[in-house]
2 protein chains.
Amino acid sequence: MQSEPSPASGAKAGAPIELDLHGDVAGLAAALINIESVSGNERVLADAVEAALRAIPWLAVHRDGDAIVARTGLGRKERVVLAGHLDTVPLPTAAGARGTVPISWEGEILYGRGATDMKGGVAVQLALAATLEDPNRDITFIFYDHEEVAAPKSGLGRLLRNSPEMLAGDFAILLEPTNGTVEGGCNGTTRYAVNTHGVAAHSARAWMGTNAIHGAARVLQVLSDYEPRTVAVDGLDYRESLNAVRINGGIAGNVIPDACEVEVNYRFAPDKDIQGADEHVLGLFEGFDVVRTDGAGGARPGLQHPAAASFVAAVGREPKPKFGWTDVARFSELGIPAVNFGPGDPLLAHSDDEHVSRAAIHESLDALRRWLGGESTTSRSAGIAQ
Amino acid sequence: MQSEPSPASGAKAGAPIELDLHGDVAGLAAALINIESVSGNERVLADAVEAALRAIPWLAVHRDGDAIVARTGLGRKERVVLAGHLDTVPLPTAAGARGTVPISWEGEILYGRGATDMKGGVAVQLALAATLEDPNRDITFIFYDHEEVAAPKSGLGRLLRNSPEMLAGDFAILLEPTNGTVEGGCNGTTRYAVNTHGVAAHSARAWMGTNAIHGAARVLQVLSDYEPRTVAVDGLDYRESLNAVRINGGIAGNVIPDACEVEVNYRFAPDKDIQGADEHVLGLFEGFDVVRTDGAGGARPGLQHPAAASFVAAVGREPKPKFGWTDVARFSELGIPAVNFGPGDPLLAHSDDEHVSRAAIHESLDALRRWLGGESTTSRSAGIAQ
């Protein structure tokens, strides 16, 4: 196991950290991981990214808070958006967890916070930005802050409010981890509070009251018996689910509870909107007091779009559905087809040992480069174990 | 509505508040209510009670913390224990609640914290102590602290540990509110944590996990379907119950919960001990992870004891079972038959508008006085509306 020194140690106070966009893209990912950027603390990384992008003569750079947009202006027929977030979830606190800053290599595997989600993808974006001087499509690179926290803080959402023209495009790719497969669209998500009501009483005289927790038995039975559907949308199979994520009732060990709340999370295929999700869930819990507390619509995969179809062909793997909600839904709302495509196993995202292989980062870079008409990196990375 | 001035206002600092044990017993109850004695703050009331008892020449007085024992030593064949607690639950905080200190009268109804539970009963004890110079049974009066809080703090338990001889007797009466009816014995109570276990996962990929809240569906169904028994013990019908008093599961809105806990309270007839209760509950939840977290055995009514039978006859009303756990169980453990008998509606105990009628206090006093061979108070209370 090797440990690399923090690049920050060599940087002058105030001056942006220098990033080498022309070396090994996996080494660039390691350098990005070494700049801690937990949500809300993206400034140092954003400064480094901005400085690196401003040094590239064919890109026009725009900054909004800690979000940076860099665009080619070649007058191509199509414009593609390549987007990724700079922030990570908090550093692991467990002793001995490997997902720490600074990073470490185990052979050809890179460990560290953000290795999977999603500094490998950001490194691919930066390498493309620095080397694709003459792509076959115009490209908008977006790097943004506050993805891993509550939606209202999202840097992508802020960009959309402040400078919607910056998000314009015919097709968008989010470089979230997908194991190098195109994952199209995403499921929607809604949450509901299912409340049962009773009458409080001393538990020594329980018959004077009505037990609200017992009243929730049927709610849990409905959930336990529920058989989630798998719905085909634009040729991809979206797997749904309906789950209690929290339950709470009772105030004391000797009081018959007069209230119980079950929080239910519905993940639904993008053939439905939030209203359709509501109808389904309210129907299941007919007769109960149900209130929706949260909701975000899904996104159809949009793979029928010519740009998407040619990208899928360039990747050369069977596309899959995305189950988790991602920012593709924001592009979908703008009418821009969007997919997820990036290095790393999405199941490792947020885990204490998230990691990504050098090979996976190179493969993602190569696929995008092929599609965008650039030279393959294979010659560049000759000699690096794949 | 009348308001009475606090008697404390006329007391010298340091000197015990003077109680008039020879006037109207309901007025004495009002004076007791006016001395705030929320659990842990019984000192001032205990000082007043001790001073009043030490002034009675035929009683030997013993003090332990804020518990006071006063005994006759007449060499009678039987000794009866009359016990009551000095403390109350906290004062109501709701604006406009009437159960405050100082007390108030509405006609012949006395409102205030402790009116029901149980300063009416304590007033009856004190009136008997002051006036029964030559009772047909020896009497031990016990006034104790910390009844309304966790069992280990109980002043009666402390007395039992420090001076067990002080609790000796052939029969015990707790002057807890029973609406002037003899309530025999008490149900036992046990609590259990019924835990379900699952496997955590992101709720976007729920099929990777196992939902522990859904696993609790059958626990709630068992509780919801449960038909509690009514068990005859020594001629009284004890109504049982089994209830979820708390439920808790889940850690976040997007995580499949890996744990859920249902707290179950079983109130069982005194034909069973704690072990019997355990067997019943563990049988109902076979296959689940069940741990008993608390338990107190019940008490058989003991009405077959001659002293109890003669007392029931003196009261002249059909005895009833006591459902809630009370300190009669402590006497029962010592082998001393014990019943509850006192003024006030037990359903009002701890309520913000607890109250007791002047008549109810007099009736309880009269019944005990008749049984113990004293003069009726009817002549004393002539002219007072009943």
Side-chain angles (χ1 to χ4, degrees), chain A residues 186-187 189 191 196 201-209 211-226 228 239-257 260-267 293-294 322-326 346-347 349-351, chain B residues 186-187 189 191 196 201-209 211-226 228 239-257 260-267 293-294 322-326 346-347 349-351:
Chain A
C186 69
N187 271 336
T189 177
R191 287 190 185 79
T196 57
H202 196 291
S203 68
R205 296 175 211 90
W207 51 91
M208 308 278 295
N211 194 314
I213 295 178
H214 296 193
R218 193 159 69 78
V219 176
L220 298 196
Q221 200 59 52
V222 165
L223 291 166
S224 182
D225 292 345
Y226 185 77
R239 198 163 168 180
E240 300 194 330
S241 64
L242 182 74
N243 275 274
V245 286
R246 268 190 281 237
I247 188 166
N248 203 279
I251 55 161
N254 60 357
V255 176
I256 300 301
C260 182
E261 178 173 313
V262 186
E263 187 183 357
V264 173
N265 183 205
Y266 182 36
R267 301 280 178 154
T293 54
D294 192 14
K322 186 78 177 171
F323 295 118
W325 192 92
T326 77
L347 296 182
H350 305 188
S351 75
Chain B
C186 69
N187 270 335
T189 176
R191 286 189 185 80
T196 58
H202 195 290
S203 68
R205 298 174 209 92
W207 50 90
M208 309 279 295
N211 194 314
I213 294 176
H214 297 191
R218 194 160 66 81
V219 175
L220 298 196
Q221 201 58 53
V222 165
L223 290 166
S224 182
D225 292 345
Y226 186 78
R239 198 164 169 179
E240 299 194 332
S241 63
L242 182 74
N243 276 275
V245 286
R246 267 191 282 235
I247 188 167
N248 204 279
I251 56 162
N254 61 355
V255 176
I256 301 301
C260 181
E261 178 173 315
V262 187
E263 186 182 359
V264 173
N265 183 205
Y266 182 35
R267 301 281 178 156
T293 54
D294 191 14
K322 186 79 176 173
F323 296 116
W325 192 92
T326 76
L347 296 182
H350 305 188
S351 75

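Quick note on labels: first sequence line is chain A, next is B, and so on, each numbered from 1.
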Please state whether the side chain, the backbone, both or neither of [X] comes within less than 4.5 Å of a heavy atom of chain A.
X: C186(B); value: neither
X: A216(B); value: both
X: S224(B); value: both
X: N254(B); value: both

Leading residue by heavy atom contact count with chain B [cutoff under 4.5 Å; candidates [options]]:
options: S241(A), G209(A), P257(A); value: P257(A)
options: T189(A), D294(A), N248(A); value: N248(A)
options: A349(A), A252(A), A212(A); value: A252(A)
options: G324(A), A244(A), A206(A), G250(A); value: A244(A)
options: L347(A), V264(A), D225(A); value: L347(A)
options: V245(A), N187(A), L220(A); value: V245(A)

Query - Residue selection (most heavy-atom pairs with chain A, distance under 4.5 Å) from M208(B), H202(B), R239(B) - result: R239(B)
Report task. Find the one option among R191(B), K322(B), Q221(B) whose heavy-atom pairs under 4.5 Å with chain A are most numerous. Result -> R191(B)
Query raised in the report: If you measure from CZ on R267(B) to CG on L242(B), what distance do you get to the nearest 0.5 Å?
Result: 11.5 Å
Query - Reported CD1-to-CD1 distance for the pair I213(A) and I256(A), which is rounded to 0.5 angstrom - result: 9.0 Å
**Report entry** Enclosure of R218(A) CZ (heavy-atom neighbours >12, cutoff 6.0 Å)
**Finding:** no
Query raised in the report: Hey, does the side chain of H214(A) reach the backbone of N243(B) with a donor-acceptor pair shorter than 3.5 angstrom?
Result: no
Query raised in the report: Is chain B contacted by the side chain of H350(A), its backbone, both, or neither, given a heavy-atom distance below 4.5 Å?
Result: neither
Query raised in the report: Going by atom types alone, do S203(B) and N265(A) pair a side-chain donor with an acceptor below 3.5 Å?
Result: yes
Query - Shortest non-hydrogen contact from A204(A) toward W207(A) - result: O-CH2, 3.5 Å
Query - For R246(B), all residues meeting side chain to side chain contact (heavy atoms under 4.5 Å, CB included), sequence neighbours excluded - result: E263(B)
